[in-house]
Student: 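Please read through the structure below; I'll follow up with questions.
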2 protein chains.
Amino acid sequence: MTKQRREVYGLLLEDASHPTANDVFRKVQDRMPQISLATVYNCLEALVTHGLVNQVNFDREPSRYCANLQEHVHFHDEASGRIHDIEFKDGADIMDFLNLPEGAEITEMELTIRGKLPSRD
Amino acid sequence: MTKQRREVYGLLLEDASHPTANDVFRKVQDRMPQISLATVYNCLEALVTHGLVNQVNFDREPSRYCANLQEHVHFHDEASGRIHDIEFKDGADIMDFLNLPEGAEITEMELTIRGKLPSRD
DNA sequence: AATCTTAATTAGAATAATTCAAAAATCACC
DNA sequence: GGTGATTTTTGAATTATTCTAATTAAGATT
Ligand SMILES: [Mn+2]
Ligand SMILES: [Mn+2]
Ligand SMILES: [Zn+2]
Ligand SMILES: [Zn+2]
C-alpha cells in the first residue's frame with residue numbers, strides 16, 4: 001500500500017458513484033496535485049488484482065470502479081445516468097435460472113441492468 | 001438492406017461464434033474483396049439499431065456480434081476461449097432474484113458468465 | 001435512357017481509453 | 001548511507017472505434 005494506492009482506495013470507499021479512472025484522477029488531485037493519470041490506472045489495477053476493488057464495464061463506456069465487495073449487480077438508471085448497486089435476494093442462486101450444461105463451473109458472473117428507477121419526489 | 005448488409009447479416013446467421021467486427025471483415029472479404037472495415041462497422045451498427053443483431057461486450061475486449069434473437073446469456077469458456085449462448089429456464093424471471101426498489105423498470109439486461117465447460121471428450 | 005436525389009460505401013484521418021517505456025523517485029533492508 | 005527492488009511520473013504508443021469528405025450506387029422521375 002503506497003500513499004497513492006491508499007488515496008485511490010480511500011476515495012472509492014467513500015464514493016459509491018462508480019467513478020471512472022479519470023473521475024478518480026480529478027478527485028485525488030485535490031489532495032495529491034502531483035499524481036499522474038497513469039498512476040491512477042496503476043493503482044486501480046493493483047487494487048483490482050488484489051481483490052479490493054471491482055472493475056465494472058458498461059458496454060463500451062470507460063471502465064468504472066467499485067469498492068463494494070458484496071456480491072451485487074449494477075443498475076444503470078437511464079434518467080439520472082447513475083449506477084446503483086443491487087443485491088440478490090437471500091438464497092437466490094443464478095444457476096437455478098439458467099440451462100447450464102451438466103458440469104459447468106462458474107468462475108465469475110457479471111449482470112448489468114439498464115432501466116428506470118422511480119423518481120424520489 | 002444493401003448487398004453489404006445482407007452479406008454481414010448472412011455471415012452472422014450462420015456463424016454463431018460471436019465474431020468481432022474484424023473477424024466479420026476478414027470473412028466477408030472472401031466474397032466481397034472490395035468491402036471496407038468502416039462499412040462492416042456501419043453495417044453492424046445498422047443491424048444492431050434495427051434489432052436484428054446484438055452487440056455483445058466482454059470486459060474491455062472488442063465488441064462481438066450475435067444474431068441469436070432469443071433472450072440468452074453469454075458463457076465465456078476459459079478453456080477454449082469460445083462464447084456459448086445459454087438460455088433461461090422456462091418461467092425464470094430475473095426480477096425474482098433481485099432486491100430491486102419498488103417500481104423499478106427494466107429496459108435491458110446483460111448477463112455474462114466466465115467459467116469452464118466440461119470438455120466434450 | 002438520361003438525369004436527379006438520396007443514402008451507402010470507401011479510404012484515410014481523428015479520437016480516446018488504456019497501456020507501455022524509460023527515467024526519476026521512493027522504499028526496504030543491510 | 002549504500003544497494004536493489006518497486007513505484008511513480010512523463011510522454012509516447014496502441015488500438016478499437018468513429019468521423020469526414022469524396023465517390024459510388026440505387027431508385028425514382030422525367
Ligand atoms: Mn464517471
Ligand atoms: Mn473473435
Ligand atoms: Zn457496484
Ligand atoms: Zn449470443
Side-chain angles (χ1 to χ4, degrees), chain A residues 1-12 15 17-67 74 76 81 83 110 112, chain B residues 1-12 15 17-67 74 76 81 83 110 112:
Chain A
M1 262 296 183
T2 64
K3 273 202 308 287
Q4 289 86 348
R5 287 177 189 175
R6 205 183 330 272
E7 203 65 52
V8 168
Y9 184 48
L11 180 76
L12 288 177
D15 177 354
S17 74
H18 300 80
T20 64
N22 200 54
D23 292 337
V24 172
F25 175 52
R26 291 203 319 270
K27 285 178 183 156
V28 169
Q29 269 187 318
D30 293 345
R31 311 184 49 149
M32 300 183 81
Q34 78 292 359
I35 199 170
S36 72
L37 179 56
T39 297
V40 172
Y41 272 105
N42 288 340
C43 292
L44 290 169
E45 186 192 21
L47 294 167
V48 169
T49 299
H50 288 79
L52 293 172
V53 165
N54 292 119
Q55 179 172 1
V56 178
N57 297 297
F58 260 98
D59 300 334
R60 305 247 90 223
E61 293 171 20
S63 287
R64 296 163 175 269
Y65 297 86
C66 172
H74 288 113
H76 197 144
I83 291 178
E110 190 167 14
T112 56
Chain B
M1 260 297 180
T2 64
K3 274 205 307 288
Q4 289 85 346
R5 288 178 187 176
R6 206 183 329 273
E7 202 66 51
V8 167
Y9 184 47
L11 180 77
L12 288 176
D15 178 353
S17 73
H18 300 80
T20 64
N22 201 53
D23 292 339
V24 172
F25 175 53
R26 292 203 319 272
K27 286 178 181 154
V28 169
Q29 269 187 315
D30 293 346
R31 311 184 49 151
M32 298 184 82
Q34 77 293 0
I35 198 171
S36 73
L37 179 56
T39 298
V40 171
Y41 272 105
N42 288 340
C43 291
L44 290 169
E45 188 192 21
L47 293 168
V48 169
T49 299
H50 288 78
L52 292 171
V53 165
N54 291 118
Q55 179 172 2
V56 179
N57 296 299
F58 259 99
D59 301 332
R60 306 245 90 224
E61 295 172 19
S63 287
R64 295 163 175 271
Y65 297 87
C66 172
H74 289 112
H76 197 145
I83 291 178
E110 189 167 16
T112 57

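Proteins come first, then strands; the chains are lettered A, B, ... in the order of their sequence lines, and each starts at number 1.
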Student: Taking 4.0 Å as the cut-off, does a side-chain nitrogen or oxygen of A:R60 come that near to OP1 or OP2 on D:dT17?
Tutor: yes

Student: Round to the nearest Å and state the distance from B:F58 atom CZ to D:dA16 atom P.
Tutor: 17 Å

Student: Which listed nucleotide (D:dT17, C:dT10, D:dT8) is nearest to the side chain of A:Q4?
Tutor: D:dT8

Student: Distance check needed: C:dT18 C1' versus B:N57 CG, whole Å only.
Tutor: 16 Å

Student: Rounding to a whole Å, what distance do you find between B:M32:CE and D:dT24:P?
Tutor: 16 Å

Student: Taking only side-chain N and O atoms of B:Q34, does any of them lie within less than 4.0 angstrom of OP1 or OP2 on D:dT24?
Tutor: no

Student: Calculate the interatomic distance between B:F25 atom CZ and C:dG12 atom P; express it in whole Å.
Tutor: 12 Å

Student: Side-chain N or O of A:Y41 versus OP1/OP2 of C:dT19: is the shortest distance under 4.0 Å?
Tutor: no

Student: In this structure, how many angstroms lie between the P atom of D:dC19 and the CG atom of B:L37, rounded?
Tutor: 15 Å

Student: With respect to the side chain of A:N42, which nucleotide from D:dG11, D:dT8, C:dT18 is positioned closest?
Tutor: D:dT8

Student: Could A:K27 and A:D30 be called an ion pair, given the rule that one side-chain N must be under 4.0 Å from one carboxylate O?
Tutor: no

Student: Just to confirm, is there a sub-4.0 Å distance from OP1 or OP2 of C:dT9 to any side-chain nitrogen or oxygen of B:T2?
Tutor: yes

Student: Starting at the 5' end of DNA chain C and moving along, which residue's nearest nucleotide shows up first, B:A38 or B:R5?
Tutor: B:R5

Student: I want to know whether A:H18 and A:Y65 have ring centres closer than 6.0 Å.
Tutor: no

Student: Please check the phosphate of D:dA26 (OP1 and OP2 only) for any side-chain N or O of B:K3 closer than 4.0 Å.
Tutor: yes

Student: To the nearest Å, give me how far apart CG (A:L44) and C1' (C:dT19) are.
Tutor: 14 Å

Student: Mapping B:M1 and B:N22 onto DNA chain D by nearest heavy atom, which one lands closer to the 5' end?
Tutor: B:N22

Student: Is there a donor in the side chain of B:S17 and an acceptor in the side chain of B:D15, or the other way round, less than 3.5 Å apart?
Tutor: yes

Student: In whole Å, I'd like the distance from the OH atom of B:Y65 to the P atom of D:dA16.
Tutor: 12 Å

Student: How about CD on B:E61, more than 12 heavy atoms from neighbouring residues, nucleotides or ligands closer than 6.0 Å, or not?
Tutor: yes

Student: Looking at the side chain of B:I35, which of D:dT9, C:dT10, C:dT18 is the nearest nucleotide?
Tutor: C:dT10

Student: Expressed in angstrom and rounded to an integer, what is the separation of B:R26 atom CZ from D:dA16 atom P?
Tutor: 11 Å

Student: Taking atom types as modelled, is there a side-chain donor on A:T39 or A:N42 under 3.5 Å from an acceptor on the other?
Tutor: no

Student: Using only side-chain N and O atoms of A:T39, determine if any of them is under 4.0 Å from OP1 or OP2 of D:dT8.
Tutor: no

